[in-house]
Student: 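One structure is given below, represented as structure tokens, and several questions about it will come after.
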Amino acid sequence: MLSPRLHNLLDQGQAPYTTLTHPRTVTAHETASAARVEPNHFAKTVMIKADGKLAMVVMPATYRADLYRLSLALGGVPVELAEESEFRDAFPDCEPGAMPPFGHLYGMPVYIDSRLAHQQEIAFNAGNHTEVVRMPYAEFERLAAPEMLWLAHMM
């Protein structure tokens, strides 16, 4: 079942989406494979601390977070990966590690890797480790209002 906050947002926003059920997975690559979604279309949520504050970075499952590039893209602030213990309680309606990429639902900013913006559709965890939401990228952008990061173009 979708996280209640996500379900409410998608329904109130009248966003077209489909839910894909798959066997329990943990990593973004496993989830993309199990849901039969191209890994470059699967949006994984990476939790960071930017200047000491929690934030979400949404990026294709095929890439790893480059903290140096993230710091540059965010204006040079210190960036580090957040420990699960630091963000677990911020997502009370989600399983740990399966939060959907809608930071505003949880009181935090969301940044998106520009490589996802060129996709017609994206897919992402639905708040658990057995469901994925697939929707048009334009609808995701409309509802999530993420800040675009041009990580691929940074040296």
Side-chain angles (χ1 to χ4, degrees), residues 1-48 50 54-74 79 81-82 84 87-88 90-91 93-106 108-155:
M1 182 170 171
L2 299 180
S3 86
R5 292 181 200 201
L6 175 62
H7 188 263
N8 190 41
L9 174 71
L10 296 176
D11 286 354
Q12 284 188 354
Q14 299 180 347
Y17 69 93
T18 56
T19 303
L20 308 171
T21 303
H22 59 84
R24 187 169 186 78
T25 57
V26 177
T27 70
H29 279 275
E30 291 172 347
T31 304
S33 178
R36 298 176 191 242
V37 173
E38 289 290 323
N40 61 327
H41 291 224
F42 188 80
K44 69 179 177 181
T45 301
V46 177
M47 294 301 301
I48 63 167
L54 286 175
M56 290 181 161
V57 176
V58 184
M59 57 192 316
T62 52
Y63 294 96
R64 297 184 72 181
D66 182 324
L67 299 179
Y68 176 74
R69 286 183 178 183
L70 283 170
S71 176
L72 290 176
L74 294 173
V79 173
L81 292 176
E84 188 175 303
F87 62 82
R88 182 183 308 123
F91 304 98
D93 62 341
C94 298
E95 290 182 37
M99 51 278 184
F102 292 88
H104 67 288
L105 293 178
Y106 303 96
M108 64 188 66
V110 60
Y111 303 102
I112 190 157
D113 187 320
S114 63
R115 291 172 281 207
L116 283 172
H118 303 295
Q119 307 297 337
Q120 289 290 335
E121 287 189 326
I122 64 168
F124 48 85
N125 283 323
N128 60 60
H129 291 286
T130 59
E131 289 180 303
V132 164
V133 170
R134 184 170 49 199
M135 67 189 309
Y137 175 80
E139 288 295 309
F140 166 77
E141 189 173 84
R142 177 178 69 86
L143 294 176
E147 183 176 329
M148 190 77 62
L149 298 180
W150 303 92
L151 301 173
H153 305 290
M154 303 187 86
M155 297 167 65

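Please read all numbers here as calculations on a predicted model, not as lab measurements.
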Student: For Leu116 and Phe42: C-alpha separation, side-chain torsions, deciding distance, then whether side-chain contact (heavy atoms from CB on, under 4.5 Å) applies.
Tutor: CA-CA 9 Å; Leu116 283 172; Phe42 188 80; over 6 Å; no
Student: For residues Phe91 and Met47, determine if any side-chain heavy atom of one lies less than 4.5 Å from a side-chain heavy atom of the other.
Tutor: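 In contact.
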Student: Using the side-chain contact (heavy atoms from CB on, under 4.5 Å) rule, take Phe87 and Met108 through it: C-alpha gap first, then chi angles, then the decisive distance, then the call.
Tutor: CA-CA 11 Å; Phe87 62 82; Met108 64 188 66; 5.7 Å; no
Student: Determine the minimum heavy-atom distance between Glu84 and Pro96, stating which atoms define it.
Tutor: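 Where Glu84 meets Pro96 most closely, the heavy atoms are OE2-CB, 3.4 Å.
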Student: Going from CD on Glu141 to CD1 on Ile112, what distance comes out if it is rounded to the nearest 0.5 angstrom?
Tutor: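 Answer for the CD-CD1 pair, Glu141 versus Ile112, is 7.5 Å.
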Student: Salt bridge (charged side-chain N to carboxylate O under 4.0 Å, His left out) with Glu147: which residues, sequence neighbours excluded?
Tutor: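 Result, salt bridge (charged side-chain N to carboxylate O under 4.0 Å, His left out) vs Glu147: none returned.
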Student: Who passes side-chain contact (heavy atoms from CB on, under 4.5 Å) against Gln12, sequence neighbours left out?
Tutor: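 With neighbours one apart ignored, the set is Asn8.
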Student: Count the heavy atoms belonging to other residues, nucleotides or ligands that lie under 6.0 Å from CE of Met1, then report whether that count exceeds 12.
Tutor: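 No.
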Student: Nearest heavy-atom pair of Ala15 and Met135: which atoms, and what distance?
Tutor: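 Closest approach of Ala15 to Met135, heavy atoms only: CB-CE, 3.8 Å.
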Student: Are the side chains of Met99 and Met56 in touch, meaning some heavy atoms are under 4.5 Å apart?
Tutor: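 The answer is yes, as the side chains (C-beta and beyond) meet within the 4.5 Å cut-off.
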Student: Restricting to side-chain contact (heavy atoms from CB on, under 4.5 Å), what partner residues turn up for Glu95, sequence neighbours left out?
Tutor: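 Once residues adjacent in sequence are excluded, the partners of Glu95 under the side-chain contact (heavy atoms from CB on, under 4.5 Å) criterion are Arg24, Ala98, Asn128, His129.
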Student: For Ala35, check side-chain contact (heavy atoms from CB on, under 4.5 Å) against everything at least two apart and list the hits.
Tutor: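 Listed in chain order: Leu20, His22, Val37, Val132.
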Student: Taking all heavy atoms of Ala43 and all of Phe124, pick out the closest pair and write down the distance.
Tutor: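 The answer is O-CB, 3.6 Å.
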Student: Distance from Gln14 atom CD to Glu139 atom CD, nearest 0.5 Å?
Tutor: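 With rounding to 0.5 Å, CD (Gln14) is 10.0 Å from CD (Glu139).
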Student: Donor-acceptor pairs are to be reported for all side-chain atoms of residues 58-67 against protein atoms at under 3.5 Å, with residues two or more places apart or in another chain.
Tutor:
residue, atom, partner, partner atom, Å
Asp66, OD1, Tyr68, N, 3.1
Asp66, OD1, Arg69, N, 3.0

Student: Write down the atom of Tyr137, the atom of Pro146, and the distance for their closest heavy-atom approach.
Tutor: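 In this case the closest contact between Tyr137 and Pro146 is OH-CG, 4.5 Å.
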Student: Determine whether Phe140 and Leu10 make a side-chain contact, defined as any pair of heavy atoms from C-beta on separated by less than 4.5 Å.
Tutor: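 Phe140 does not reach Leu10 side chain to side chain.
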Student: Have a look at Val133 and tell me which of Leu2, Ile122, Asn125, Thr18 forms a side-chain contact (heavy atoms from CB on, under 4.5 Å) with it.
Tutor: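 Of the listed residues Leu2, Ile122, Asn125, Thr18, the side-chain contact (heavy atoms from CB on, under 4.5 Å) partner of Val133 is Leu2.
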Student: Grab the two heavy atoms, one from Val26 and one from Glu30, that are nearest each other, plus how far apart they are.
Tutor: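 Closest approach of Val26 to Glu30: N-OE1, 3.0 Å.
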Student: Is Arg115 reaching over with its side chain to a backbone N or O of Asn40, donor-acceptor style, under 3.5 angstrom?
Tutor: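 A pair under 3.5 Å: no.
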Student: Measuring from atom CG of Leu105 to atom CG of Asp93, what distance do you get when rounded to the nearest 0.5 angstrom?
Tutor: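 Between atom CG of Leu105 and atom CG of Asp93 there are 8.0 Å.
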Student: Output all residues satisfying side-chain contact (heavy atoms from CB on, under 4.5 Å) with Thr21, sequence neighbours left out; order by chain, then residue number.
Tutor: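 Once residues adjacent in sequence are excluded, the partners of Thr21 under the side-chain contact (heavy atoms from CB on, under 4.5 Å) criterion are Glu131.
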Student: Nearest 0.5 angstrom please: Leu70 CG to Asp113 CG, how far?
Tutor: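 Taking CG in Leu70 and CG in Asp113, the distance rounds to 8.5 Å.
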Student: What distance do Glu121 atom CD and Arg134 atom CZ have between them, rounded to the nearest 0.5 Å?
Tutor: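 Output value for this atom pair is 5.5 Å.
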Student: Working to the nearest 0.5 Å, report the span between CG of Leu74 and OH of Tyr111.
Tutor: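 One gets 5.0 Å once the value is rounded to the nearest 0.5 Å.
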Student: Please find the pair of heavy atoms, one from Cys94 and one from Tyr106, that lie closest to each other, and give the distance.
Tutor: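 Heavy-atom minimum between the residues: SG-OH, 3.4 Å.
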